[in-house]
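Quick note: numbers below take in every heavy atom, side chains included, and nothing from hydrogens, waters or symmetry partners. Residue numbers begin at 1 in each chain, while the letters A, B, ... track the order of the sequences.
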Amino acid sequence: MKADAALATTPAVRRDSPHAEPAAATRPVKARVERLSFWYGSKQALFDITMPIHERCVTALIGPSGCGKSTFLRCFNRMHDLYPNNRYAGHIWLEPEGIDIISPKTDPMVPRLRIGMVFQKPNPFPKSIYENVAAGLRIRGVRNRAILDEQVEKSLRRAALWDEVKDRLHASAFDLSGGQQQRLCIARALAPEPEVLLLDEPTSALDPIATAHIEELVDELRESYTIVIVTHNMQQAARVSQFTGFFHLGKLIEFGETEQIFTTPRESMTQDYITGRFG
Amino acid sequence: MHPSPDPLPRIRAARRRDLLFATAALVVLFIASLVLFGLILDLVVRGAPHLDADFFTNYPSRRPSRAGILPAWVGTTLVMLVVAVLAIPLGVGAGIYLEEYARRNWLNDVIEINITNLAGVPSIIYGLLALGLFVHGVGLGESILTAGLTLALLILPIIVVATREALRALPREMREGAFALGADRWQTVALFLLPAARPGILTGIIVGLSRAIGETAPVITIGALTFIAFLPPPPITAEFPWISFDWLWSPFTVLPIQMFNWTSRPQPAFHELAAAAGVVLLVMTLAMNALAIYVRYRARRLLG
């Protein structure tokens with residue numbers, strides 16, 4: 001299996017590389033998911049999920065289509081509240097304050113103001129490139145032109161898009177290619193400086209070159225952000241993440257350090273999935 | 001499924017069908033356009049000789065040579081002003097509420113069905129309602145305000161439905177994108193949804209206003225005058241506070257009523273005047289449409 005072959009060498013590479021980190025599991029925790037269940041109407045989509053989200057790490061969520069990984073991701077910013085008859089149970093504790101994101105007492109705007117999201121399909125607003133990136137700041141009441149300009153440039157640079165768009169900031173966002181649009185959406189999510197970045201299959205609609213761009217980006221961004229990424233692509237999970245959760249039929253089958261999940265999975269189901277025996 | 005040995009006959013048949021349908025559609029289109037252009041041409045040819053400055057500055061008269069449409073076009077303009085000021089914010093607001101704020105429950109379902117049905121109620125019914133409610137009930141009299149209220153009511157459902165449909169047609173990703181950025185409901189609507197829905201909403205507004213400008217029946221029902229020899233008081237005055245709303249309470253006439261009045265006279269000269277007034281009405285409607293197309297074009301430039 002390609003993923004396995006690539007990964008066999010990963011632990012050694014990691015220990016020697018300049019990116020070497022203290023054992024990832026000792027990293028502080030940004031969010032703790034505790035016994036989370038979720039229902040679409042009467043249909044239960046998530047079952048009793050407990051896992052940590054480590055600070056300034058990339059946590060990948062993998063699993064076959066319909067396994068609930070996107071549903072899980074969308075709990076973090078209460079996206080499910082936009083549609084009627086959805087129900088949560090359990091807790092997602094957002095640290096350091098320990099706010100329960102999914103408690104009915106928590107206004108959904110609280111997590112949304114602190115957690116950014118990038119969607120599967122690039123969804124820029126029908127506005128200029130500049131206004132797309134500035135949108136999150138405008139929402140937060142920032143009017144000062146200098147601050148907006150500065151933050152727009154900074155975010156576009158971090159999203160590795162600045163050089164391609166700096167001469168046409170006021171052109172429509174729809175003039176950009178798909179890969180550029182997705183990086184624009186990342187810049188848009190970064191501009192308000194969120195604590196956590198949720199990526200819902202951010203490269204599924206992109207070609208391999210644009211995908212490589214985004215993956216490099218994710219790797220750089222984890223220096224400053226806590227990232228949770230849903231992906232269909234196991235190589236991608238192996239390449240960009242430090243932790244991986246494997247979902248199946250709404251249950252978290254296995255969670256651990258990415259190396260361990262891909263090299264010595266504890267569960268046979270995880271093994272079967274990453275070696276391509278099902279999914 | 002086996003491919004037929006020779007696909008050519010099938011392709012030829014398909015081509016023939018396409019050609020047949022296209023021809024039929026063209027013929028229908030041609031007939032419809034011909035009728036419309038014939039009507040407009042007839043109107044212009046008969047009305048054009050009367051379209052001079054005097055026609056716009058004269059009051060109606062018993063003598064066709066001296067009759068003009070001054071009170072009618074002023075009345076139409078003022079009534080449409082009232083209609084626009086009332087119906088646009090109310091209609092768009094109601095549409096936004098129903099689409100973005102209202103919860104799905106039986107009460108809102110009832111409201112929704114009612115609004116859709118209201119769009120199909122004959123306009124004379126609105127005239128009768130207004131006669132009872134605005135003219136006598138509230139005591140607004142046979143005034144420009146009453147006409148504006150009545151016509152605004154008439155086109156409200158059109159604007160509400162258009163607003164809702166324009167909002168509903170927006171991709172769900174746009175809404176989610178805005179909320180995910182931390183926007184509250186109002187910000188989502190005002191900063192993202194409304195600008196994107198503007199072309200559709202504008203179309204609805206124009207369809208509504210175009211309908212209102214040509215309505216005759218409800219305006220007659222509420223007692224618009226057919227012969228009027230004075231103008232409403234001007235909205236701008238010489239003394240403080242320089243703006244006056246007295247015109248709202250003034251009796252009035254509108255272009256369709258002036259036309260209706262002239263066409264029901266026996267002298268052919270008046271029929272020509274009616275045609276000229278018709279041309280003016282058409283131009284006013286087209287001007288409104290042109291304005292909307294321009295705004296829509298500007299709104300769409302950003303949408304790429």
Interface moiety of B:Glu176 toward chain A, non-hydrogen atoms closer than 4.5 Å: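 Contact with chain A is through both the backbone and side chain of B:Glu176.
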Results of side chain to side chain donor-acceptor pair (under 3.5 Å) for A:Lys69 - residues two or more places apart only: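 Residues passing side chain to side chain donor-acceptor pair (under 3.5 Å) with A:Lys69: none at all.
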Contacting region of [X] [heavy-atom separation from chain B under 4.5 Å]:
X        : value
A:Arg78  : neither
A:Phe76  : neither
A:Ile115 : backbone

Residue pairs fulfilling ring-ring contact (aromatic ring centres under 6.0 Å, His included) with at least one residue in residues 179-207 of chain A, sequence neighbours excluded: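 Residue pairs passing ring-ring contact (aromatic ring centres under 6.0 Å, His included), neighbours aside: none found.
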Residues A:Glu193, A:Lys154: salt bridge by 4.0 Å N-O rule: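 Yes, A:Glu193 and A:Lys154 are salt-bridged.
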Any side-chain donor near an acceptor of the partner, B:Tyr97 and B:Asn108, under 3.5 Å: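 Result is no, nothing qualifies.
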